[in-house]
Amino acid sequence: MRNRTSSASSRMSLMFGKARTCNIVTVPEHEPSECNIVILGAMGSGKSALTVKFLTKRFISEYDPNLEDTYSTEEVVDQQPVLVKVMDTADQDGPVNCERYLSWANAFIVVYSIDNRTSFEACQQYLETVTLYSKGLQPEAPVILLGNKVDMERYRQVSKADGVAMALRFSCLFFEVSACLDFLSVQHVFHEAIREVRRETERSIRPLFISEDKSAISLSSAPPLTACYKELPTPATAKLVTVKSSRAQSKRRAPTLTLLKGFKIF
Ligand SMILES: Nc1nc2c(ncn2[C@@H]2O[C@H](COP(=O)(O)OP(=O)(O)OP(=O)(O)O)[C@@H](O)[C@H]2O)c(=O)[nH]1
(Lines give C-alpha, C1' and ligand atoms only; values in the text may rest on other atoms or scores of the structure.)
Protein backbone atom coordinates (compact mmCIF):
# COMPACT_ATOMS: atom_id res chain seq x y z
CA MET A 1 0.00 0.00 0.00
CA ARG A 2 1.26 3.46 -0.83
CA ASN A 3 0.19 6.72 0.69
CA ARG A 4 -1.19 9.62 -1.13
CA THR A 5 -1.71 13.19 -0.08
CA SER A 6 -4.14 15.55 -1.66
CA SER A 7 -4.15 19.29 -2.09
CA ALA A 8 -7.74 19.34 -1.00
CA SER A 9 -9.83 22.38 -1.65
CA SER A 10 -9.54 23.33 1.97
CA ARG A 11 -6.47 23.94 4.01
CA MET A 12 -8.06 21.80 6.70
CA SER A 13 -8.50 18.73 4.60
CA LEU A 14 -5.86 16.08 4.70
CA MET A 15 -6.09 12.85 2.81
CA PHE A 16 -4.09 9.68 2.96
CA GLY A 17 -5.01 6.50 1.28
CA LYS A 18 -4.55 3.81 -1.26
CA ALA A 19 -2.50 4.47 -4.34
CA ARG A 20 -4.50 4.48 -7.53
CA THR A 21 -2.70 2.87 -10.41
CA CYS A 22 -4.40 2.26 -13.71
CA ASN A 23 -2.27 0.51 -16.30
CA ILE A 24 -4.96 -1.53 -17.98
CA VAL A 25 -7.42 -0.29 -20.55
CA THR A 26 -10.94 -0.21 -19.22
CA VAL A 27 -14.17 0.86 -20.77
CA PRO A 28 -16.76 1.95 -18.25
CA GLU A 29 -20.11 1.25 -19.86
CA HIS A 30 -22.01 3.08 -17.19
CA GLU A 31 -20.76 5.42 -14.54
CA PRO A 32 -22.70 4.97 -11.34
CA SER A 33 -25.47 7.50 -11.39
CA GLU A 34 -26.38 6.76 -7.80
CA CYS A 35 -24.16 6.61 -4.75
CA ASN A 36 -25.17 5.49 -1.27
CA ILE A 37 -22.99 6.85 1.53
CA VAL A 38 -23.30 5.69 5.14
CA ILE A 39 -22.06 7.94 7.97
CA LEU A 40 -20.88 6.03 11.05
CA GLY A 41 -19.31 7.01 14.33
CA ALA A 42 -19.78 7.54 18.04
CA MET A 43 -22.65 9.61 19.39
CA GLY A 44 -21.90 13.31 19.31
CA SER A 45 -19.05 13.07 16.80
CA GLY A 46 -20.98 15.29 14.38
CA LYS A 47 -22.50 12.84 11.88
CA SER A 48 -25.77 14.76 11.58
CA ALA A 49 -24.05 18.13 11.48
CA LEU A 50 -21.74 16.98 8.67
CA THR A 51 -24.60 15.43 6.73
CA VAL A 52 -26.72 18.56 6.95
CA LYS A 53 -23.74 20.78 6.15
CA PHE A 54 -23.16 18.82 2.96
CA LEU A 55 -26.84 18.91 2.01
CA THR A 56 -27.66 22.50 2.89
CA LYS A 57 -24.38 24.34 3.56
CA ARG A 58 -25.76 25.07 7.03
CA PHE A 59 -24.69 24.05 10.49
CA ILE A 60 -27.28 22.55 12.82
CA SER A 61 -27.02 22.72 16.53
CA GLU A 62 -30.24 20.95 17.53
CA TYR A 63 -30.86 17.38 16.66
CA ASP A 64 -32.53 14.21 17.81
CA PRO A 65 -29.77 11.68 18.51
CA ASN A 66 -32.18 8.77 18.15
CA LEU A 67 -33.20 9.48 14.57
CA GLU A 68 -31.58 7.51 11.81
CA ASP A 69 -32.24 9.34 8.59
CA THR A 70 -31.54 8.88 4.93
CA TYR A 71 -31.30 11.93 2.70
CA SER A 72 -30.90 12.32 -1.00
CA THR A 73 -29.54 15.10 -3.12
CA GLU A 74 -28.51 15.55 -6.73
CA GLU A 75 -24.86 16.51 -7.12
CA VAL A 76 -22.54 17.10 -10.02
CA VAL A 77 -19.08 15.70 -9.36
CA ASP A 78 -16.44 16.18 -12.05
CA GLN A 79 -19.13 17.23 -14.52
CA GLN A 80 -21.08 14.03 -13.95
CA PRO A 81 -24.46 14.06 -12.23
CA VAL A 82 -25.00 11.66 -9.38
CA LEU A 83 -27.90 11.02 -7.03
CA VAL A 84 -26.30 10.86 -3.59
CA LYS A 85 -28.11 9.17 -0.74
CA VAL A 86 -26.68 9.73 2.71
CA MET A 87 -27.63 7.52 5.65
CA ASP A 88 -26.94 9.31 8.93
CA THR A 89 -26.83 6.40 11.37
CA ALA A 90 -27.63 6.51 15.07
CA ASP A 91 -25.85 3.53 16.61
CA GLN A 92 -25.86 3.90 20.37
CA ASP A 93 -23.10 1.43 21.26
CA GLY A 94 -20.80 0.82 18.34
CA PRO A 95 -21.68 -1.19 15.25
CA VAL A 96 -24.86 -3.17 15.93
CA ASN A 97 -27.36 -4.51 13.40
CA CYS A 98 -24.96 -3.38 10.68
CA GLU A 99 -26.72 -5.43 8.03
CA ARG A 100 -29.11 -2.54 7.45
CA TYR A 101 -26.35 -0.40 5.99
CA LEU A 102 -23.57 -2.80 4.99
CA SER A 103 -25.39 -4.21 1.99
CA TRP A 104 -26.80 -0.82 1.04
CA ALA A 105 -23.65 1.29 1.10
CA ASN A 106 -21.40 2.14 -1.79
CA ALA A 107 -19.08 4.08 0.56
CA PHE A 108 -18.60 4.62 4.29
CA ILE A 109 -17.53 7.72 6.20
CA VAL A 110 -16.44 6.91 9.76
CA VAL A 111 -16.47 10.05 11.92
CA TYR A 112 -14.83 10.99 15.19
CA SER A 113 -14.47 14.25 17.02
CA ILE A 114 -10.86 15.46 17.34
CA ASP A 115 -11.65 16.76 20.84
CA ASN A 116 -12.87 13.38 22.05
CA ARG A 117 -10.45 10.49 22.29
CA THR A 118 -13.22 8.00 23.04
CA SER A 119 -14.96 8.83 19.76
CA PHE A 120 -11.67 8.17 17.95
CA GLU A 121 -11.24 4.82 19.66
CA ALA A 122 -14.80 3.91 18.71
CA CYS A 123 -13.82 4.26 15.04
CA GLN A 124 -11.69 1.15 15.23
CA GLN A 125 -14.72 -1.12 15.60
CA TYR A 126 -16.53 0.60 12.74
CA LEU A 127 -13.46 0.41 10.52
CA GLU A 128 -12.96 -3.26 11.32
CA THR A 129 -16.58 -4.00 10.51
CA VAL A 130 -16.80 -2.08 7.24
CA THR A 131 -13.37 -2.92 5.86
CA LEU A 132 -13.88 -6.61 6.57
CA TYR A 133 -17.20 -6.47 4.76
CA SER A 134 -15.95 -4.25 1.94
CA LYS A 135 -12.94 -6.43 1.15
CA GLY A 136 -15.23 -9.13 -0.12
CA LEU A 137 -17.11 -6.79 -2.45
CA GLN A 138 -16.58 -6.30 -6.15
CA PRO A 139 -16.26 -3.32 -6.43
CA GLU A 140 -15.02 -2.59 -2.92
CA ALA A 141 -16.87 0.07 -0.94
CA PRO A 142 -14.38 2.84 -0.18
CA VAL A 143 -13.99 3.97 3.42
CA ILE A 144 -13.08 7.44 4.69
CA LEU A 145 -11.92 8.18 8.24
CA LEU A 146 -13.01 11.71 9.13
CA GLY A 147 -11.86 13.78 12.09
CA ASN A 148 -14.53 16.42 12.78
CA LYS A 149 -14.59 19.61 14.88
CA VAL A 150 -11.19 21.03 13.93
CA ASP A 151 -12.56 24.36 15.11
CA MET A 152 -12.04 22.87 18.61
CA GLU A 153 -8.29 22.73 18.04
CA ARG A 154 -7.39 23.93 21.52
CA TYR A 155 -9.29 20.98 23.01
CA ARG A 156 -7.75 18.49 20.61
CA GLN A 157 -7.30 14.99 22.09
CA VAL A 158 -6.54 13.18 18.84
CA SER A 159 -3.52 14.28 16.87
CA LYS A 160 -3.54 14.38 13.09
CA ALA A 161 -0.79 11.77 13.18
CA ASP A 162 -3.09 9.43 15.14
CA GLY A 163 -5.76 9.87 12.49
CA VAL A 164 -3.28 9.20 9.69
CA ALA A 165 -1.97 6.09 11.47
CA MET A 166 -5.48 4.70 11.91
CA ALA A 167 -6.30 5.42 8.25
CA LEU A 168 -3.12 3.70 7.11
CA ARG A 169 -3.93 0.68 9.24
CA PHE A 170 -7.25 0.28 7.49
CA SER A 171 -6.09 1.48 4.05
CA CYS A 172 -8.66 4.22 3.96
CA LEU A 173 -8.70 7.90 3.12
CA PHE A 174 -8.36 10.44 5.90
CA PHE A 175 -9.59 14.01 6.30
CA GLU A 176 -10.05 16.53 9.06
CA VAL A 177 -12.87 19.08 8.81
CA SER A 178 -15.31 21.10 10.85
CA ALA A 179 -19.03 20.90 10.27
CA CYS A 180 -19.43 24.42 11.58
CA LEU A 181 -16.74 26.04 9.45
CA ASP A 182 -16.36 26.09 5.68
CA PHE A 183 -18.68 24.14 3.47
CA LEU A 184 -16.11 23.30 0.77
CA SER A 185 -14.05 21.08 3.09
CA VAL A 186 -17.11 19.06 3.99
CA GLN A 187 -18.31 18.91 0.38
CA HIS A 188 -14.84 17.75 -0.68
CA VAL A 189 -15.03 14.72 1.63
CA PHE A 190 -18.38 13.59 0.20
CA HIS A 191 -17.20 14.22 -3.36
CA GLU A 192 -14.05 12.20 -2.73
CA ALA A 193 -16.24 9.34 -1.52
CA ILE A 194 -18.16 9.54 -4.80
CA ARG A 195 -14.94 9.69 -6.83
CA GLU A 196 -13.61 6.65 -4.97
CA VAL A 197 -16.81 4.73 -5.73
CA ARG A 198 -16.39 5.57 -9.42
CA ARG A 199 -12.72 4.53 -9.35
CA GLU A 200 -13.55 1.25 -7.64
CA THR A 201 -16.31 0.61 -10.17
CA GLU A 202 -13.96 1.29 -13.07
CA ARG A 203 -11.37 -0.99 -11.52
CA SER A 204 -13.86 -3.80 -11.22
CA ILE A 205 -14.73 -3.68 -14.91
CA ARG A 206 -13.22 -6.37 -17.09
CA PRO A 207 -10.13 -5.08 -18.84
CA LEU A 208 -9.69 -4.82 -22.56
CA PHE A 209 -6.67 -6.73 -23.84
CA ILE A 210 -4.67 -5.14 -26.62
CA SER A 211 -3.85 -7.63 -29.37
CA GLU A 212 -0.26 -8.22 -30.47
CA ASP A 213 -0.46 -6.11 -33.61
CA LYS A 214 -1.99 -3.38 -31.45
CA SER A 215 -4.55 -2.80 -34.18
CA ALA A 216 -7.47 -4.44 -32.50
CA ILE A 217 -8.84 -4.83 -29.04
CA SER A 218 -11.09 -7.52 -27.75
CA LEU A 219 -13.20 -7.81 -24.69
CA SER A 220 -12.71 -10.68 -22.32
CA SER A 221 -15.72 -12.76 -21.42
CA ALA A 222 -16.65 -10.96 -18.23
CA PRO A 223 -20.23 -9.89 -17.70
CA PRO A 224 -20.80 -6.21 -18.40
CA LEU A 225 -20.47 -3.74 -15.58
CA THR A 226 -23.47 -3.45 -13.43
CA ALA A 227 -23.35 -0.11 -11.73
CA CYS A 228 -23.34 -0.21 -7.97
CA TYR A 229 -27.01 0.50 -7.46
CA LYS A 230 -28.47 -0.83 -4.27
CA GLU A 231 -31.94 -0.77 -2.88
CA LEU A 232 -32.71 1.81 -0.23
CA PRO A 233 -33.91 0.09 2.93
CA THR A 234 -37.34 1.21 3.98
CA PRO A 235 -37.00 3.63 6.88
CA ALA A 236 -39.20 2.55 9.75
CA THR A 237 -41.06 5.77 10.38
CA ALA A 238 -40.01 7.98 7.56
CA LYS A 239 -41.65 11.32 7.16
CA LEU A 240 -41.00 12.86 3.78
CA VAL A 241 -39.77 16.43 3.86
CA THR A 242 -38.70 18.31 0.78
CA VAL A 243 -36.29 21.19 1.16
CA LYS A 244 -35.48 23.44 -1.76
CA SER A 245 -32.46 25.62 -1.18
CA SER A 246 -32.84 29.19 -2.32
CA ARG A 247 -30.66 30.59 -5.06
CA ALA A 248 -30.56 33.81 -3.08
CA GLN A 249 -28.82 31.96 -0.27
CA SER A 250 -26.42 30.06 -2.43
CA LYS A 251 -24.43 30.49 -5.61
CA ARG A 252 -24.49 26.72 -5.90
CA ARG A 253 -27.02 25.20 -8.30
CA ALA A 254 -30.10 24.91 -6.13
CA PRO A 255 -30.55 21.22 -5.42
CA THR A 256 -33.78 19.59 -4.43
CA LEU A 257 -33.20 17.75 -1.21
CA THR A 258 -35.49 15.00 -0.12
CA LEU A 259 -35.18 14.54 3.59
CA LEU A 260 -36.64 11.46 5.21
CA LYS A 261 -37.47 12.62 8.68
CA GLY A 262 -36.33 16.13 9.37
CA PHE A 263 -34.61 18.13 12.03
CA LYS A 264 -34.11 21.78 12.67
CA ILE A 265 -31.86 23.49 10.19
CA PHE A 266 -30.59 26.96 10.94
N1 LIG B 1 -17.71 22.92 17.59
C2 LIG B 1 -18.29 22.02 16.80
N3 LIG B 1 -19.40 21.38 17.19
C4 LIG B 1 -19.93 20.47 16.35
C5 LIG B 1 -19.38 20.17 15.09
N6 LIG B 1 -20.14 19.22 14.51
C7 LIG B 1 -21.11 18.95 15.37
N8 LIG B 1 -21.00 19.69 16.48
C9 LIG B 1 -21.85 19.66 17.67
O10 LIG B 1 -21.66 18.39 18.28
C11 LIG B 1 -22.90 17.91 18.81
C12 LIG B 1 -23.21 16.57 18.18
O13 LIG B 1 -23.40 16.76 16.79
P14 LIG B 1 -24.30 15.76 15.93
O15 LIG B 1 -24.17 16.15 14.52
O16 LIG B 1 -25.65 15.67 16.46
O17 LIG B 1 -23.52 14.40 16.24
P18 LIG B 1 -23.97 12.92 15.85
O19 LIG B 1 -22.73 12.16 15.58
O20 LIG B 1 -24.99 12.95 14.77
O21 LIG B 1 -24.60 12.44 17.20
P22 LIG B 1 -25.72 11.30 17.43
O23 LIG B 1 -26.94 11.74 16.66
O24 LIG B 1 -25.91 11.33 18.91
O25 LIG B 1 -25.15 10.02 16.96
C26 LIG B 1 -23.95 18.98 18.49
O27 LIG B 1 -24.09 19.80 19.62
C28 LIG B 1 -23.33 19.76 17.35
O29 LIG B 1 -23.77 21.09 17.34
C30 LIG B 1 -18.19 20.88 14.70
O31 LIG B 1 -17.62 20.69 13.61
N32 LIG B 1 -17.69 21.78 15.59
Side-chain angles (χ1 to χ4, degrees), residues 1-6 8 12-21 35-47 50-51 54 86-89 91 93-150 156-177 179 185-186 188-204 228 230:
M1 180 188 65
R2 283 185 282 156
N3 300 339
R4 142 182 113 162
T5 54
S6 156
M12 283 183 302
S13 291
L14 173 66
M15 180 171 82
F16 283 78
K18 294 178 273 188
R20 298 301 177 199
T21 54
C35 186
N36 298 342
I37 301 176
V38 171
I39 315 293
L40 297 162
M43 289 176 72
S45 54
K47 300 182 295 296
L50 288 162
T51 302
F54 169 61
V86 183
M87 186 190 291
D88 172 21
T89 61
D91 283 344
D93 302 302
V96 282
N97 301 323
C98 325
E99 298 74 25
R100 73 188 185 283
Y101 53 72
L102 284 177
S103 59
W104 178 79
N106 297 122
F108 299 94
I109 299 179
V110 179
V111 182
Y112 66 90
S113 175
I114 63 136
D115 65 348
N116 185 324
R117 186 86 202 167
T118 311
S119 73
F120 177 67
E121 281 155 10
C123 288
Q124 179 162 327
Q125 262 192 300
Y126 286 107
L127 289 169
E128 279 167 2
T129 303
V130 299
T131 54
L132 186 70
Y133 177 81
S134 172
K135 288 281 179 284
L137 294 181
Q138 192 64 267
E140 277 184 25
V143 183
I144 291 177
L145 177 64
L146 182 59
N148 186 34
K149 307 193 189 180
V150 287
R156 187 187 272 273
Q157 294 180 3
V158 185
S159 70
K160 204 173 269 185
D162 285 346
V164 169
M166 175 92 84
L168 287 173
R169 242 181 86 204
F170 289 95
S171 303
C172 58
L173 303 179
F174 174 66
F175 297 89
E176 284 189 347
V177 294
S185 303
V186 174
H188 181 73
V189 173
F190 283 85
H191 283 193
E192 275 302 300
I194 293 160
R195 290 188 185 102
E196 282 296 303
V197 169
R198 287 175 175 166
R199 289 178 195 128
E200 288 296 338
T201 305
E202 278 186 32
R203 239 194 308 278
S204 72
C228 40
K230 293 180 181 176

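Heavy atoms only: backbone and side chains are in, while hydrogens, waters and symmetry mates are out. Note that this is a predicted model, so its numbers are computed, not measured.
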Please assess C172 against L127 for the test side-chain contact (heavy atoms from CB on, under 4.5 Å), listing each intermediate value before the final yes or no. CA-CA 9 Å; C172 58; L127 289 169; 4.2 Å; yes
One pair to check against side-chain contact (heavy atoms from CB on, under 4.5 Å): L146 and L50. What are the steps and the verdict? CA-CA 10 Å; L146 182 59; L50 288 162; 3.7 Å; yes
Go through I109 and V38 one step at a time and tell me if the side-chain contact (heavy atoms from CB on, under 4.5 Å) criterion holds. CA-CA 6 Å; I109 299 179; V38 171; over 6 Å; no
Can you check side-chain contact (heavy atoms from CB on, under 4.5 Å) on F108 and L145, steps first, answer last? CA-CA 9 Å; F108 299 94; L145 177 64; over 6 Å; no
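Distance check, rounded to the nearest 0.5 Å: CZ of F54 to NE2 of H191 gives 4.5 Å. How far CZ of R169 is from OG1 of T131: 9.5 Å, rounded to the nearest 0.5 Å. Annotation: the span from I39 atom CD1 to I144 atom CD1 amounts to 9.0 Å, rounded to 0.5 Å. The CD1 atom of I37 sits 11.5 Å away from atom CD of E196, with the distance rounded to the nearest 0.5 Å.
Scanning all heavy atoms of the two residues, the minimum distance from Q138 to S204 falls at OE1-CB, 3.2 Å. Nearest heavy-atom pair, V111 versus C123, reported as atom, atom and distance to 0.1 Å: O-SG, 3.7 Å. When all heavy atoms are compared, the tightest approach of L173 to A167 is O-CB, 4.2 Å. Among all heavy-atom pairs drawn from T51 and F190, the shortest one is CA-CZ, 4.3 Å. R100 and M87 get closest at one heavy-atom pair: O-CE, 4.0 Å. Closest of all the heavy-atom pairs between S45 and A42 is OG-O, 2.7 Å.
Sorted by first and then second residue, the salt bridge (Lys or Arg N to Asp or Glu O under 4.0 Å) pairs involving residues 106-115 (not counting sequence neighbours) form an empty list.
Formation of a donor-acceptor pair under 3.5 Å by the S134 side chain with backbone atoms of A141 is found in this model. Of the possible donor and acceptor atoms, one in the side chain of K47 sits under 3.5 Å from a partner among the backbone N and O of G41. Between the N148 side chain and the S113 main chain, no donor and acceptor come within less than 3.5 Å of each other. Of the possible polar contacts, one joining the N106 side chain to the N36 backbone as a donor-acceptor pair under 3.5 Å is found.
Residues satisfying the salt bridge (charged side-chain N to carboxylate O under 4.0 Å, His left out) criterion with E121, sequence neighbours excluded, are R117. Residues satisfying the side-chain hydrogen bond (donor to acceptor under 3.5 Å, both in side chains) test with S159, not counting sequence neighbours, are D162.
Within the 4.5 Å cutoff, the side chain of F170 has no heavy atoms near those of the V143 side chain. Side-chain contact check for Q124 versus Y112: every heavy-atom pair is 4.5 Å or farther apart.
Using the six-membered ring where Trp is involved, H188 and F175 have ring planes that are perpendicular, over 60° apart on the 30 and 60° scheme.
For the pair R156 and E176, the salt-bridge criterion is met [side-chain N within less than 4.0 Å of a carboxylate O]. A salt bridge links R195 to E192: one of the charged nitrogens lies within less than 4.0 Å of a carboxylate oxygen.
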